[in-house]
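For the numbers below, each heavy atom of this structure counts, side chains included, while hydrogens, waters and symmetry mates do not. Here, residue 1 is the first one in the sequence, and each next residue gets the next number. Computed from a prediction, not measured in an experiment: that's the story for all the values here.
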Amino acid sequence: MSLTATYRLGTRLFWRDKSMLFASVITPVGLVVGMPLLMKQVRDASSAASIFQSSISVLLAITAFMNVAVALTARRDQLILKRLRASRLTDGQILIGQIASTATQTVALIMLSTVAVRFVAGVPLPADPLGFAAITVAGSAVLSLLGAAYTAAIPRFELAAAFTMPVFLVAGVSAGAMGPIPLPSWLRPVLDLLPTTAVVNAVKTGDLAVPALVLAAWTLLGLVAIRLWFRWEPRRS
């Protein structure tokens, strides 16, 4: 019940924050649905499908990673995390509830966008629905975990958006969500190791084995980072 309570708290706080709703729901969904629609008008349905698959990285970067990083930084600076820690909740319950809440919202938005582009842009539904669902859930959970770990690098809430923006840009460029951008040949294998790129590659190729290994490695890295550097209080404390 404690874990359920933290999950519901994270969800309730998210949907009450109108600024977060605009930045984490309306904007990314508009991009992910709008870009395939535009691509279909100027090119064809296959191009629309390709850009939509790449744009999943945008939803993962904004709705999962940036959302949880900004939310936890705000709650840290407002001493909400400190007060929760003084309750009977464990550290794990507090963080897992927030991460699970964010991941659930990300999965829901990806699924909603998948259905939306089917009707507005003619993008076919995934050929392997179970595989698509599995990699979507895994990617959302891993990006939410990494967003929680990344809060250690954010000095205060006012800088949270600026500190997370580079992650969004790298995720979009590496997965091709921003169009064909010339990159050095040596950089491509490095970008393929990013969790957002791994998810997009799995969606495009249907191969889940290599992306699963990449996500597993990032999960381990995120858990270690949270264990070593996650801060529950502002630095001024």
Side-chain angles (χ1 to χ4, degrees), residues 21-67 100 102-144 146-147 167-183 188-189 191-216 218-219:
L21 282 177
F22 182 82
S24 300
V25 176
I26 298 175
T27 298
V29 170
L31 287 172
V32 171
V33 176
M35 287 190 293
L37 178 59
L38 176 62
M39 190 61 66
K40 181 186 178 183
Q41 300 300 323
V42 299
R43 298 192 68 177
D44 50 38
S46 62
S47 298
S50 178
I51 198 67
F52 169 70
Q53 293 167 343
S54 297
S55 298
I56 291 176
S57 63
V58 172
L59 276 173
L60 290 171
I62 297 180
T63 308
F65 185 93
M66 296 177 69
N67 178 15
T102 303
T104 301
Q105 295 160 32
T106 304
V107 171
L109 291 178
I110 291 176
M111 297 302 177
L112 175 64
S113 300
T114 302
V115 175
V117 294
R118 172 67 183 89
F119 289 101
V120 303
V123 175
L125 296 175
D128 180 9
L130 291 180
F132 179 78
I135 199 65
T136 297
V137 171
S140 300
V142 172
L143 265 296
S144 299
L146 293 175
V167 176
F168 158 69
L169 294 175
V170 171
V173 170
S174 64
M178 299 181 182
I181 298 177
L183 297 172
R188 185 72 263 169
L191 296 178
D192 285 342
L193 296 177
L194 295 177
T196 47
T197 311
V199 172
V200 171
N201 288 341
V203 171
K204 288 186 173 183
T205 65
D207 176 22
L208 302 181
V210 174
L213 290 176
V214 173
L215 292 179
W218 280 103
T219 299

Taking it one step at a time, do V29 and L59 satisfy side chain to side chain contact (heavy atoms under 4.5 Å, CB included)? CA-CA 7 Å; V29 170; L59 276 173; 4.3 Å; yes
With sequence neighbours left out, what residues match L215 under side chain to side chain contact (heavy atoms under 4.5 Å, CB included)? I135, A138, V142, P195, V199
Taking only distance into account, with no hydrogens and no angle test, what donor-acceptor pairs under 3.5 Å do side-chain atoms of residues 107-128 form with protein atoms, sequence neighbours excluded?
{"from": "S113", "atom 1": "OG", "to": "L109", "atom 2": "O", "distance (Å)": "2.8"}
{"from": "T114", "atom 1": "OG1", "to": "I110", "atom 2": "O", "distance (Å)": "2.7"}
{"from": "D128", "atom 1": "OD1", "to": "G131", "atom 2": "N", "distance (Å)": "3.2"}

Do you know which two heavy atoms are closest between A48 and P36, and how far apart they sit? CB-O, 3.2 Å
CG on L193 to CZ on R188, rounded to 0.5 Å: 10.0 Å
Is any side-chain heavy atom of F65 closer than 4.5 Å to one of L60? no
For V203 and Q53, the nearest pair of non-hydrogen atoms, with its separation, is CG1-CG, 3.8 Å
P28: which of N67, I62, V33 passes side-chain contact (heavy atoms from CB on, under 4.5 Å): I62
Would a 4.5 Å heavy-atom cut-off, applied to side chains only, mark S50 and M39 as touching? no
Heavy-atom side-chain contact between I56 and V32 under 4.5 Å: no
For residues S140 and T136, report the shortest heavy-atom separation together with the two atoms involved. OG-O, 2.8 Å
Between S57 and A177, the two heavy atoms sitting closest are OG-CB, 3.9 Å
Do the side chains of S54 and K204 get nearer than 4.5 Å, heavy atoms only? yes
Would you check if M35 and F52 make a side-chain contact, meaning some heavy-atom pair closer than 4.5 Å? no
W218 and side-chain contact (heavy atoms from CB on, under 4.5 Å): which single residue from L143, T196, L213, L194 fits? L194
Side chains of S55 and I51: closer than 4.5 Å at any heavy-atom pair? yes
